[in-house]
Amino acid sequence: MASRRAEMPKAVAKMPRTRLSICVRKRRFASQSDAIGAALAADIELRPYVCDRCGQYHLTSRLKGKRRLAP
């Protein structure tokens, strides 16, 4: 009898991490430098990231375990 691991496909498609409903509501930046500029100008600490849905940059306030922007 074959094990379950042997039955699983080797390459599994990676699920998008950003929900479409979140992506649609967020502001999009065409370049990383534009996103960094907006993050540094904000009143709260933000970090830019590339969205796996639209391919552009968004800002997030989630910083746990992430590198912070230099002022």
Side-chain angles (χ1 to χ4, degrees):
M1 187 162 162
S3 70
R4 289 185 148 236
R5 186 170 284 198
E7 294 172 7
M8 294 177 63
K10 289 185 180 181
V12 177
K14 189 174 181 182
M15 295 295 294
R17 295 187 316 168
T18 305
R19 291 192 322 257
L20 184 58
S21 61
I22 300 296
C23 174
V24 172
R25 290 187 307 213
K26 286 192 168 190
R27 184 173 172 195
R28 293 183 175 109
F29 298 92
S31 69
Q32 184 178 19
S33 61
D34 291 343
I36 290 173
L40 292 174
D43 294 335
I44 61 172
E45 193 168 358
L46 298 171
R47 183 184 63 83
Y49 69 95
V50 178
C51 177
D52 53 2
R53 291 283 186 168
C54 67
Q56 295 185 341
Y57 289 86
H58 295 303
L59 298 177
T60 184
S61 60
R62 295 186 179 206
L63 302 171
K64 184 176 180 181
K66 305 294 183 191
R67 199 175 327 166
R68 298 179 190 265
L69 294 176

Practice item. Would you indicate whether the side-chain heavy atoms of Leu59 and Phe29 approach each other to under 4.5 Å? Key: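 In contact.
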Exercise for review: Indicate yes or no: at least one non-hydrogen side-chain atom of Arg53 is less than 4.5 angstrom from one of Ile22.
Suggested key: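 Heavy-atom side-chain distance check fails, nothing below 4.5 Å.
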Exercise for review: Rounded to the nearest 0.5 Å, what's the gap from CD on Glu45 to CG on Leu40? Could you check?
Suggested key: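 Answer rounded to 0.5 Å: 9.5 Å.
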Practice item. Please answer whether the main-chain N or O of Val50 pairs with a side-chain N or O of His58 as donor and acceptor at a distance below 3.5 Å. Key: no
